[in-house]
Amino acid sequence: MAYWLVKSEPSSYAWERLVKDGHAHWDGVRNHQAAANLKAMKVGDRAFFYHSNEGLAVVGIAEIAKTAYPDPSDKTGKFVMVDLKPVTALKQPVTLADIKAEPKLKDIALIRQSRLSVMPIEPAAWKLICKMGATKPD
DNA sequence: GCCAACGTTGGC
DNA sequence: GCCAACGTTGGC
């Protein structure tokens, strides 16, 4: 199983809405690196759900419910989307400040490539962030 | 609201 | 194919 982190602005699609809906279409990605990460996702992979712009924290864990398929909102036909479903909220959100304050996490893509919206997470970093969020890794 | 990072576009 | 201009993202 692989681990990922996906970003969303709460004003466009918040964690609470994913929980309420029970699933989400992760569309709208228009960055090739992010799209490549989407294509590498497999059903059952886990992804941290990060709130950007507002909140600035990892708030929950989602699971990949469907692998990449063409994004109908993309007229060029080059980009893809996946489906997500909620697994659990973190008992305690892990903020960007918390992550920056942890030396072991200083090299994760969330910090190194601040604009990337879909990124892989190392298993060690996954476990650590779960621990910081007082939540079991699986 | 500002600005840094960075991807994309278009002129040459 | 280079590079300046411009647009977008996201932290502060």
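First the proteins, then the strands, lettered A, B, ... as listed; each starts at 1.
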Check: A:L116 main-chain N/O paired with A:K7 side-chain donor or acceptor under 3.5 Å
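Present.
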Polar side-chain atom of A:D21 near backbone of A:A24 as donor-acceptor pair, under 3.5 Å:
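Side chain of A:D21 to backbone of A:A24: no pair is present.
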Just N and O in the side chain of A:Y50: are any of them under 4.0 Å from OP1 or OP2 of C:dT9?
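No.
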Phosphate-side-chain proximity, A:K7 and C:dT8, N/O vs OP1/OP2 below 4.0 Å
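No, A:K7 has no side-chain N/O under 4.0 Å of OP1/OP2 on C:dT8.
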Starting at [atom1] of [X] and ending at [atom2] of [N], how long is that distance when rounded to a whole Å?
{"X": "A:N31", "N": "B:dA5", "atom1": "CG", "atom2": "C1'", "value": "13 Å"}
{"X": "A:E54", "N": "C:dT9", "atom1": "CD", "atom2": "P", "value": "14 Å"}
{"X": "A:Q113", "N": "B:dA4", "atom1": "CD", "atom2": "P", "value": "19 Å"}
{"X": "A:D98", "N": "C:dG11", "atom1": "CG", "atom2": "C1'", "value": "15 Å"}
{"X": "A:L56", "N": "C:dG11", "atom1": "CG", "atom2": "P", "value": "5 Å"}
{"X": "A:N53", "N": "B:dA4", "atom1": "CG", "atom2": "P", "value": "17 Å"}
{"X": "A:R30", "N": "C:dG7", "atom1": "CZ", "atom2": "P", "value": "19 Å"}
{"X": "A:L116", "N": "B:dA4", "atom1": "CG", "atom2": "P", "value": "21 Å"}

Using the side-chain heavy atoms of A:H32, tell me which of these nucleotides is nearest: C:dG11, C:dT8, B:dT8.
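Comparing C:dG11, C:dT8, B:dT8 against the side chain of A:H32, the answer is B:dT8.
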Nearest-neighbour nucleotide for the A:R115 side chain, C:dG10, B:dC6, C:dG11 considered:
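Of all the options, the side chain of A:R115 is nearest to B:dC6.
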Taking all heavy atoms of A:L90 and all of A:V58, pick out the closest pair and write down the distance.
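Of all heavy-atom pairs spanning A:L90 and A:V58, the closest is CD1-O, 3.5 Å.
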Distance check, rounded to the nearest 0.5 Å: A:W26 atom CH2 versus A:M81 atom CE?
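Going from the CH2 atom of A:W26 to the CE atom of A:M81 covers 11.5 Å.
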